[in-house]
Amino acid sequence: MVSGATIHIVLIMIIMAGWCAELLDVKGAFLHGTFEKGRKVYMEVPQGFEQFYPWNFVLLLLKTLYGTKQAAKAFWLKLLEAFRGMNYTRSKADPCLYFKWTLLGLVRWISWVDDCLIAGKREAVQKAKAEMMARFDCDAVGELKEYVGCKIDFNREEGWIKLTQPVLMQSFQDEFELDESDRPRTPATPGEVLQKGQPEDEVPAEEQSTYRSGTGKLLHVMKWTRPEILNAVRELSRFMSGAMKAHMKAMYRVMNY
């Protein structure tokens with residue numbers, strides 16, 4: 001998985017250098033991989049195909065499938081093979097960052113599972129995109145407007161870039177019982193320290209699930225667009241099992257903030 005710092009640095013380079021940035025989505029990514037030599041993986045006959053095989057048959061997989069543990073790594077190895085074939089160098093700082101100097105300037109790629117981000121001068125990006133699409137069946141998403149769950153707005157004249165997460169923010173209102181009239185000025189209550197409670201004080205299992213889901217969403221918001229909630233969310237993440245009413249209240253406060 002690519003580092004968040006790598007993504008931020010490349011986004012900054014895009015705005016500073018005036019680069020073009022586009023996205024490619026590799027179709028059926030996990031179907032491209034092959035198993036390592038000597039490994040044999042079998043599967044049961046898929047539902048609906050039983051009539052074509054004897055009752056005691058299993059199928060030997062010749063390539064990876066979605067759901068197999070090897071699929072993600074096998075696709076990544078195929079992707080590395082493609083980048084080597086295009087003469088790209090893999091970064092020593094981040095294994096999901098690739099680059100090449102061309103006559104048209106520097107071209108950078110970031111791989112995020114099956115999403116591939118290309119950045120460089122427009123002509124160089126178009127050439128690089130064509131090379132990748134010759135190797136994989138890809139969906140050309142187009143100019144970079146959304147990435148890693150964030151909406152991305154560029155202002156090239158003023159030289160700034162803005163990341164927001166409107167879909168995730170809306171999910172707080174749609175999935176959680178928030179008091180929208182209460183908008184605190186700070187993400188956590190000043191002077192309050194969350195403490196671990198006794199097992200008998202824990203909220204029911206359904207609320208525990210809600211707490212884990214909500215805290216997970218807040219961790220994603222914290223990482224990409226709202227760093228000021230870091231301390232509050234870090235404290236919430238300490239109680240992913242054994243949450244109490246006080247922890248639920250603190251989570252809702254961060255969401256309302």
**Q** Rounded to the nearest 0.5 Å, what's the gap from OG1 on T164 to CD on E146? Could you check?
**A**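 So the gap between those two atoms works out to 9.0 Å.
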
**Q** Any donor-acceptor pair under 3.5 Å linking the side chain of D94 with the backbone of S3?
**A**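 Such a contact is found between D94 side chain and S3 backbone.
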
**Q** Are side-chain heavy atoms of P166 and K151 found at a separation under 4.5 Å?
**A** yes

**Q** Assigning hydrophobic clusters by single linkage (Ile, Leu, Val, Met, Phe, Trp, Tyr; side-chain heavy-atom cutoff under 4.5 Å), is W160 placed with Y147?
**A** no

**Q** Give me each pair satisfying side-chain hydrogen bond (donor to acceptor under 3.5 Å, both in side chains) with a member in residues 233-252, each pair once, sequence neighbours excluded.
**A**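 Matches after skipping sequence neighbours: E207-K245, N231-R234, E235-R238.
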
**Q** Give the minimum heavy-atom separation between G214 and M251, together with the two atoms involved.
**A** CA-SD, 3.8 Å

**Q** Just checking, any donor-acceptor pair under 3.5 angstrom between side chains of Q165 and T225?
**A**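 There is such a pair between these side chains.
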
**Q** Are any of the side-chain heavy atoms of R253 and P187 separated by less than 4.5 Å?
**A** no

**Q** Quick one: does any side-chain atom of T215 pair with a main-chain N or O of R212 as donor and acceptor, under 3.5 Å?
**A** no

**Q** Does any non-hydrogen side-chain atom of L117 lie less than 4.5 Å from one of W112?
**A**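 No, their side chains stay 4.5 Å or more apart.
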
**Q** Looking only at non-hydrogen atoms, find the nearest pair between M244 and V203 and report the distance.
**A**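 Shortest heavy-atom separation between M244 and V203 comes out as C-CG1, 3.7 Å.
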
**Q** Using a 3.5 Å distance criterion without hydrogens, assess whether the side chain of R108 forms a donor-acceptor pair with backbone atoms of M13.
**A** no

**Q** Applying side chain to side chain contact (heavy atoms under 4.5 Å, CB included) to Q208 and M240, what does each step give before you reach the verdict?
**A** CA-CA 8 Å; Q208 293 282 355; M240 292 297 237; over 6 Å; no

**Q** Let me see the working for L236 and L219 under side chain to side chain contact (heavy atoms under 4.5 Å, CB included), right down to the final yes or no.
**A** CA-CA 9 Å; L236 293 176; L219 283 166; over 6 Å; no

**Q** Check the hydrophobic clustering (I, L, V, M, F, W, Y; side-chain heavy atoms under 4.5 Å; chains of links allowed) and say if M16 and L104 are grouped together.
**A** no

**Q** Would one find more than 12 heavy atoms of other residues, nucleotides or ligands at under 6.0 Å from atom CZ of R122?
**A**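 Not more than 12 within 6.0 Å, no.
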
**Q** Per the side-chain hydrogen bond (donor to acceptor under 3.5 Å, both in side chains) rule, what does the pair list look like for residues 191-203, sequence neighbours excluded?
**A**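 Sorted pair list comes back empty.
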
**Q** Is it the case that atom NZ in K121 sees more than 12 heavy atoms from other parts of the structure closer than 6.0 Å?
**A**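 Open.
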
**Q** Considering all heavy atoms of both residues, which atom of F154 and which atom of L144 are nearest to each other, and what is their separation?
**A** CE1-O, 3.5 Å

**Q** For V58 and V45, what are the C-alpha separation, side-chain angles and deciding distance, and is it a side chain to side chain contact (heavy atoms under 4.5 Å, CB included)?
**A** CA-CA 6 Å; V58 291; V45 175; over 6 Å; no

**Q** Could you check whether atom NZ of K100 has more than 12 heavy atoms from other residues, nucleotides or ligands sitting under 6.0 Å from it?
**A** yes

**Q** For Q51, does the CD atom sit with more than 12 other heavy atoms under 6.0 Å from it, leaving out its own atoms?
**A**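 For Q51, atom CD is crowded (more than 12 foreign heavy atoms under 6.0 Å).
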
**Q** Got a sec: does the CZ of R39 have more than 12 other heavy atoms crowding it under 6.0 Å?
**A** no

**Q** Are side-chain heavy atoms of Y42 and L59 found at a separation under 4.5 Å?
**A**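 Y42 vs L59: side chains apart.
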
**Q** Check whether L77 and V41 end up in the same hydrophobic cluster, where Ile, Leu, Val, Met, Phe, Trp and Tyr are linked by side-chain heavy atoms less than 4.5 Å apart.
**A**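 Same cluster: L77 reaches V41 through Ile, Leu, Val, Met, Phe, Trp or Tyr contacts under 4.5 Å.
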
**Q** Where the side chain of R183 meets the backbone of N256, is there a donor-acceptor pair that is under 3.5 Å apart?
**A** yes

**Q** Does V141 share a hydrophobic cluster with L79, counting links as ILVMFWY side-chain heavy atoms below 4.5 Å and allowing steps through other members?
**A**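 Yes, because V141 and L79 connect within a single hydrophobic cluster, where side-chain heavy atoms sit under 4.5 Å apart.
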
**Q** Output yes when E228 and R226 qualify as a salt bridge under the 4.0 Å nitrogen-oxygen rule, no when they do not.
**A**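 Counted as a salt bridge, because a side-chain N and a carboxylate O are separated by less than 4.0 Å.
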
**Q** Using ring-ring contact (aromatic ring centres under 6.0 Å, His included) as the criterion, list what pairs up with Y66, not counting sequence neighbours.
**A** F30

**Q** Taking all non-hydrogen atoms of both residues, which atom of W109 and which atom of A128 are closest, and how far apart?
**A** CZ2-O, 3.5 Å

**Q** Quiz question: by atom type and distance under 3.5 Å, do the side chains of S91 and Y98 form a donor-acceptor pair?
**A**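 Checked: S91/Y98 side chains show no N/O donor-acceptor pair below 3.5 Å.
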
**Q** Is any side-chain heavy atom of K162 closer than 4.5 Å to a side-chain heavy atom of I152?
**A**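 Heavy-atom side-chain distance check fails, nothing below 4.5 Å.
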
**Q** For Q70 and E36, does a side-chain donor sit closer than 3.5 Å to a side-chain acceptor?
**A** no

**Q** Could you walk me through whether V148 and I7 pass the side chain to side chain contact (heavy atoms under 4.5 Å, CB included) test, one step at a time?
**A** CA-CA 9 Å; V148 294; I7 294 175; 3.8 Å; yes

**Q** So does E175 have more than 12 non-hydrogen atoms from other groups sitting under 6.0 Å from CD?
**A**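 Count over threshold, so yes.
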
**Q** Distance from N155 atom CG to I161 atom CD1, nearest 0.5 Å?
**A**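 Reported value, rounded in 0.5 Å steps: 11.0 Å.
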
**Q** Under 3.5 Å, is there a donor-acceptor pair between the side chain of H8 and the main chain of G4?
**A**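 Yes; at least one donor-acceptor contact below 3.5 Å.
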
**Q** Are F136 and M133 connected in the hydrophobic side-chain network, where two residues link if heavy atoms are under 4.5 Å apart?
**A**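 Same cluster.
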
**Q** Under 6.0 Å between the ring centres of Y88 and F83?
**A**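 Yes, the ring centres sit under 6.0 Å apart.
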
**Q** I need the L194 CG to T189 OG1 distance, nearest 0.5 Å.
**A**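 With rounding to 0.5 Å, CG (L194) is 8.5 Å from OG1 (T189).
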
**Q** Do you know the tightest heavy-atom contact between I14 and A21?
**A** CD1-CB, 3.6 Å

**Q** Quick one: pull up SG in C138 and CG in D25 and give me the separation to the nearest 0.5 Å.
**A** 8.0 Å

**Q** Which pair of non-hydrogen atoms, one from V221 and one from L168, has the smallest distance, and what is that distance?
**A** CG2-CD2, 3.3 Å

**Q** Can you tell me how far OH of Y53 sits from CD of E50, rounded to the nearest 0.5 angstrom?
**A** 11.0 Å

**Q** Once you round to the nearest 0.5 Å, how far does CG of L24 lie from CG of D139?
**A**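 The CG atom of D139 is 8.5 Å from CG of L24, to the nearest 0.5 Å.
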
**Q** Around atom CD of Q173, are there more than 12 heavy atoms from other residues, nucleotides or ligands closer than 6.0 Å?
**A**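 Yes, CD of Q173 has more than 12 neighbouring heavy atoms, counting only those of other groups under 6.0 Å.
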
**Q** A side-chain contact here means heavy atoms from C-beta on lying under 4.5 Å apart; do W19 and L106 qualify?
**A**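 A side-chain contact under 4.5 Å exists here.
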
**Q** Sub-3.5 Å donor-acceptor pair from the side chain of H32 to the main-chain atoms of K27, do we have one?
**A**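 Yes, because the side chain of H32 sits within donor-acceptor range (under 3.5 Å) of the backbone of K27.
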
**Q** Around atom CD of E206, are there more than 12 heavy atoms from other residues, nucleotides or ligands closer than 6.0 Å?
**A** no

**Q** Is there a side-chain contact between F75 and T64 in this structure, where contact means two heavy atoms from C-beta onward sitting under 4.5 Å apart?
**A**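 Sidechains of T64 and F75: no contact.
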
